[in-house]
Amino acid sequence: MPVFALVDCNNFYVSCERVFNPELAGKPVIVLSNNDGCAVARSNEAKALGIGMGQPFFQIKPIVEANGVRVFSSNYPLYGDMSNRVMQTLAQFTPAMEVYSIDEAFLDLTGFKSTNLADYAREICYTVTRDTGIPVSIGIAPTKTLAKIANRIAKKSPKADGVLDLTSSRYRDLALERTPVQEVWGIGRRLAPFFTSRGIKTALDLKLAPSWLVQQKMEINGVRMQKELTGEHCYPLEDNPARRKSVSVSRSFRTPVTTFDELSQALALYISRGAEKLRHQESFVENITVYVMTSRFKSQPCYYNSKTAVLPTSSSDTPELIKHGKKLLKQIFQSGKEYTKTGVIFSNLVQDGQVQFDLFDTVNRSKQQKLMQAMDKINARMGSQYLGYAAMGLPGRQPWKAACNHCSPAYTTDWNQLMNVR
DNA sequence: TCTGGGGTCCTAGGACCC
DNA sequence: TCTGGGGTCCTAGGACCC
């Protein structure tokens, strides 16, 4: 029987802020999404005040002000770096692991029979907190879906106190009974009402539900989910992450943008970020999609338009991609609209050596690549955007740039922002 | 006034081919 | 009057995840 341990950081972004700001302990804290839009991480104290996941900041402002909730803009360089530290610590405890997201990892504990798994998990929790400052919870089970459920209870139940082992089938059904169906991994906001309206309200109900019903609604994924709930594993540990199959970059604007020039500057910046990601994983893009949109929350209908181009020769060259992107943007830009967002999606990625060359290509591609390598090197050392293209507009003169009114310092990734200890 | 961003997988259906 | 069958490939859209 395989054994999976799902390790999940508690209120991860908030915990990262607390590491460098210990006076936040015990206080309500939230971290906002990009552009200071929504609450995407909440301390337990903030949850207790009724602040929901993904709630717009302007809606919760009264609660924030009345209770002295500490607010942070999201600081992804910091969270990314803290995540790496947590993952490195976890790697010491298992022969194989899958980094599932910025704050979660599946550990393969198959064959750790001689060990008391719950004790071992507590040791992991202790070590991660000691070495990184981040508190974690652990759920253990023979399938990933059950490990997710175990983790959720480990986090919530005072009795479990951060660790729950469901490898023995004895308490499994009890755990499933205590798990609302919408909390099951793979049941989202569409499927949940479908099942609850048919009397399938808990994970246990879902496990026992007629398989034809689940299969009819969810196809192959429903079959797998029911099997996983019974303890038969269908999803293996993916310990060798493949390259991304697509790369996208988009941001909401601080205030709506109306001119082509500003829209085009923002797009150029996002394309250059995306091209960096491509080069980082040594991919070249074949299909480039550009889109624009206006607000979804206004009385007039939202305008959304996108256009895709197939490049004659796949590329990861920033200026070349900007040129293509601008051409696409021209085709979908309509004046008189208040744009709130633009973005680029790179799809059909190929690797070096698979690039299909255009017979009539006149570009010196190896020279191009050397230039990009040099630029990436300089930016890695001097800070991103140290070298950029004029097409992005000048730093300090990009009024569309997202709001970040509550940002903490990049404590661990920028020499100029190290912590001062007095 | 103010509502995030980046991914994956799956399927249906159309285009096209023999 | 009456017009096949079986593939593949691609795309758009829908669902989910964090």
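Below, each value reflects all heavy atoms present in this structure, side chains not excepted, and no hydrogens, waters or symmetry copies. Given the structure is predicted, the values throughout are model-derived calculations rather than measurements.
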Centroid separation A/W185 to A/F4 less than 6.0 Å: no
Sole candidate of A/E232, A/E228, A/E98 that passes salt bridge (charged side-chain N to carboxylate O under 4.0 Å, His left out) when paired with A/K144: A/E98
Candidate nucleotides C/dC18, C/dA15, B/dG4, ranked by approach to the side chain of A/S33 - the nearest: B/dG4
Ring centres under 6.0 angstrom apart (A/F333, A/Y339): yes
Length of the line joining A/E238:CD and C/dC18:C1', which is rounded to integer Å: 16 Å
Strand DNA chain B as a dot-bracket string - pairs counted if Watson-Crick or G-U with both distances under 3.5 Å, | where the partner lies in another strand: ....||||||||||||||
Rounded distance in Å - CD1 (A/I345) to P (C/dG13): 12 Å
Spacing between A/Q215 atom CD and C/dA15 atom P, to the nearest angstrom: 18 Å
Closest to the A/K148 side chain, choosing from C/dC16, B/dG4, C/dC18: C/dC18
Pairwise C1' distance for C/dG4 and B/dC16, with rounding to whole Å: 16 Å
Test item: side-chain donor near acceptor, A/D81 and A/T413, under 3.5 Å: no
Rounded distance (Å) that lies between atom C1' of B/dG4 and atom CH2 of A/W400: 17 Å
NZ/NE/NH1/NH2 to OD/OE distance under 4.0 Å, A/R85 and A/D131: no
Charged N-O contact under 4.0 Å between A/E183 and A/R152: yes
Which nucleotide in C/dA15, B/dT3, B/dG5 has an atom nearest any side-chain atom of A/R190: C/dA15
Sugar-phosphate, base or nothing in reach of A/S295, heavy atoms under 4.0 Å: nothing
Sugar-phosphate only, base, or nothing, as touched by A/I187 at under 4.0 Å among non-hydrogen atoms: sugar-phosphate
Sugar-phosphate only, base, or nothing, as touched by A/K277 at under 4.0 Å among non-hydrogen atoms: sugar-phosphate
Salt-bridge contact A/R70-A/E17 (side-chain N to carboxylate O under 4.0 Å): no
Heavy-atom donor-acceptor pair, A/N21 side chain to A/L24 backbone, under 3.5 Å: no
Shortest side-chain distance from A/K341, nucleotide among B/dT3, B/dG5, C/dC18: B/dG5
Neighbour count above 12 (heavy atom, 6.0 Å) for A/Y171 OH: no
Residue whose nearest DNA chain B nucleotide is more 5′ - A/P256 or A/R251: A/P256
Closest to the A/C38 side chain, choosing from B/dT3, C/dA15, B/dG5: B/dT3
Ring centres under 6.0 angstrom apart (A/F112, A/Y120): yes
Separation of B/dG5 P from A/L269 CG (nearest whole Å): 13 Å
Minimum heavy-atom distance between A/C234 and A/K227, given as atom pair plus value: SG-CB, 3.7 Å
Nearest-nucleotide 5' precedence on DNA chain B, A/K298 against A/R243: A/K298
Proximity to DNA chain B (any heavy atom under 4.0 Å), residues of residues 43-72 of chain A only: A/P56, A/F58
Output a table of nitrogen or oxygen pairs between the protein and nucleotides 7-12 of chain C separated by less than 3.5 Å.
none

A/I102 CD1 - B/dG6 C1' separation (whole Å): 11 Å
Pairing of A/D173 and A/K207 as salt bridge, 4.0 angstrom limit: yes
Candidates B/dG4, C/dC17, B/dG6 - which lies nearest the side chain of A/V40: B/dG4
Interatomic distance, A/F106 CZ vs C/dC18 P [rounded to whole Å]: 9 Å
Sugar-phosphate, base or nothing in reach of A/D36, heavy atoms under 4.0 Å: nothing
